[in-house]
Amino acid sequence: MPTSDSPTVVLVHGAFADASSFARLIPELTERGLDVVAPAVPNRSLIGDSAYIASVVRGIAGPVVLVGHSYGGAVITVAGEEENVKGLVYLAGYALEEGESLGELQGRFPDSDLASALVYTPFPVEGSDEPGTDVSVLPESFPAVFAHDVEPGLAKILAVSQRPLAARAFAEQAPAAAWKTKPSWGLVASSDHTINPEVERYGYRRAGMTTVEVDSSHLVMLSHPGDVADLIEKAVLSVG
C-alpha cells in the first residue's frame, strides 16, 4: 500500500461496474504524481461494502482522499469516517444523509431511464435458505442508459461484464455521513440517464459541497477523464 505523505486517492466504483471503469482516469491521476488505489467493491450491502472499503483505507499509512462513483458515493459516505480520510469526492454519486437509504434519496425524484432497464436475479446466500437478489442492467439497454458518450464497442463490453448490486443495498440506511466532518467535492453528470442529475445536485447541495457539472453520461470518468482528474487533484491539493 502507498505510504506517501501526499494523500492517496482511493477510487470506489459503483453498481453494474468494477474498478476497470477507472481505466482512463487512473493514468490521468498517476501522470500528475498521485498515488492511486482502486479496490474491488463486493456490491453486496451498503454496510458490508463500506466496512470493506474502510479496511482498505486503514491499510494505507497516510492520508486518503476517497472518490466514489455512483453507488460508490454512498459507500464513501460511510467509509469516510475513517480517521485518515481527509476528503471526499463524489462522481455522479449518492451523498446520503445519516439514517437515509439509497431508495429513500432516489425516491424523492422522478425515475431515470435506469428504472425500466433493471433485471432482478436470485442468487444463493451462504447459510440461508432464502436467496438474495442481484440487480443488473439489461445488456441491450446498458449503452444508452449508462454510457451513451462512451465508444460503442467499449460500452458493449461493459454491458456484459457488469458487477451486479445486491438489492439489499438499496434499503440499508447509512449509519454515518462523513461529509458532515470532511471537506467534500461533487461532480454532476448533467446528461446522466442512470441517476437523475437532480438527485446528485440535491445531495451535494445539502452537504455544502464544492460542485462542478460536466455534460456527460453516468460513466463520466471514462468519457471525460481529464475533467474528473482536475476535480480530484483540486481536492488532493486542498487537503494535502
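Numbers for residues simply follow the sequence, beginning at 1. Quantities reported herein were computed from a predicted structural model and do not represent experimental measurements.
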query = Counting only N and O atoms by type, is there a donor-acceptor contact under 3.5 Å from the side chain of S161 to the main-chain atoms of I157?
reply = yes

request  = Measure from the side-chain N and O atoms of S20 to the backbone N and O of A23, and report whether any donor-acceptor pair falls under 3.5 Å.
outcome  = no

Polar side chain donor-acceptor pair, Q106 to Y94, under 3.5 angstrom = yes

ask   = Are a donor atom and an acceptor atom from the side chains of S112 and T194 found within less than 3.5 Å of each other?
value = no

key: Flag side-chain contact, heavy atom, 4.5 Å: V188 against T211   = yes

task = Verify the distance criterion only: is there a donor paired with an acceptor across the side chains of S191 and D215 at less than 3.5 Å?
result = yes

query = Can a donor-acceptor pair be found between the side chains of H13 and D18 at a distance below 3.5 Å?
reply = no

ask   = Salt bridge between R206 and E97, side-chain N to carboxylate O under 4.0 Å?
value = no

key: D149 (side chain) donor-acceptor with S223 (main chain) under 3.5 angstrom   = no

ask   = Among side-chain atoms of Y90 and T77, is any donor-acceptor pair under 3.5 angstrom?
value = yes

ask   = Taking NZ, NE, NH1 and NH2 as the nitrogens, is one of them in R201 or E213 under 4.0 Å from a carboxylate oxygen of the other?
value = yes

ask   = Same cluster or not: are Y120 and L114 linked, directly or through other Ile, Leu, Val, Met, Phe, Trp or Tyr residues, by side-chain heavy atoms under 4.5 angstrom apart?
value = yes

ask   = Does some side-chain heavy atom of Y71 sit less than 4.5 Å from a side-chain heavy atom of L46?
value = yes

ask   = Are H148 and H218 near enough that their ring centres are under 6.0 Å apart?
value = no

ask   = Distance-only, no hydrogens or angles: does the E200 side chain make a donor-acceptor pair with backbone N or O of A189 under 3.5 Å?
value = yes

ask   = Can you check whether T181 reaches E81 side chain to side chain, under 4.5 Å on heavy atoms?
value = yes

request  = Decide if atom CD of E140 counts as having more than 12 heavy atoms of other residues, nucleotides or ligands within a radius under 6.0 Å.
outcome  = yes

ask   = What are the two closest non-hydrogen atoms of Y204 and G93, and how far apart are they?
value = OH-N, 3.0 Å

inquiry  = Is there a continuous path of hydrophobic side-chain contacts, each under 4.5 Å between heavy atoms, that joins L11 to V78?
reply    = no

inquiry  = I'd like to check the salt bridge (charged side-chain N to carboxylate O under 4.0 Å, His left out) partners of E104; sequence neighbours left out, ordered by chain and number.
reply    = none

Side chains of S217 and H193, donor plus acceptor under 3.5 Å = no

ask   = Within a strict 4.5 Å, meaning less than it, do heavy atoms of the T8 and P63 side chains meet?
value = no

query = Do the side chains of V85 and K182 get nearer than 4.5 Å, heavy atoms only?
reply = yes

ask   = Is a side-chain N or O of D49 found less than 3.5 angstrom from the main chain of V75, in a donor-acceptor match?
value = no

query = What are the two closest non-hydrogen atoms of G68 and I76, and how far apart are they?
reply = N-CD1, 3.5 Å

ask   = Is the shortest side-chain N to carboxylate O distance from R168 to E172 below 4.0 Å?
value = yes

ask   = Is a side-chain N or O of R163 found less than 3.5 angstrom from the main chain of V41, in a donor-acceptor match?
value = yes

Beyond-backbone contact of M221 with R24, side-chain heavy atoms, under 4.5 angstrom = no

inquiry  = Hydrophobic clustering (ILVMFWY, side-chain heavy atoms < 4.5 Å, transitive) - are L187 and F109 grouped together?
reply    = yes

request  = Give a yes or no on whether the backbone of T121 and the side-chain of D134 come within a donor-acceptor separation of less than 3.5 Å.
outcome  = no

query = Cation-pi between R44 and F123: NZ/CZ under 6.0 Å from ring centre and within 45° of the ring axis?
reply = yes

key: 4.5 Å side-chain heavy-atom contact, K180 and E98   = yes

query = Are side-chain heavy atoms of F22 and L29 found at a separation under 4.5 Å?
reply = no

ask   = Is there a path of hydrophobic side-chain contacts, each under 4.5 Å between heavy atoms of I, L, V, M, F, W or Y residues, that connects Y52 with I47?
value = no

note = For G87 and V239 the tightest heavy-atom approach is CA-CG1, 4.3 Å

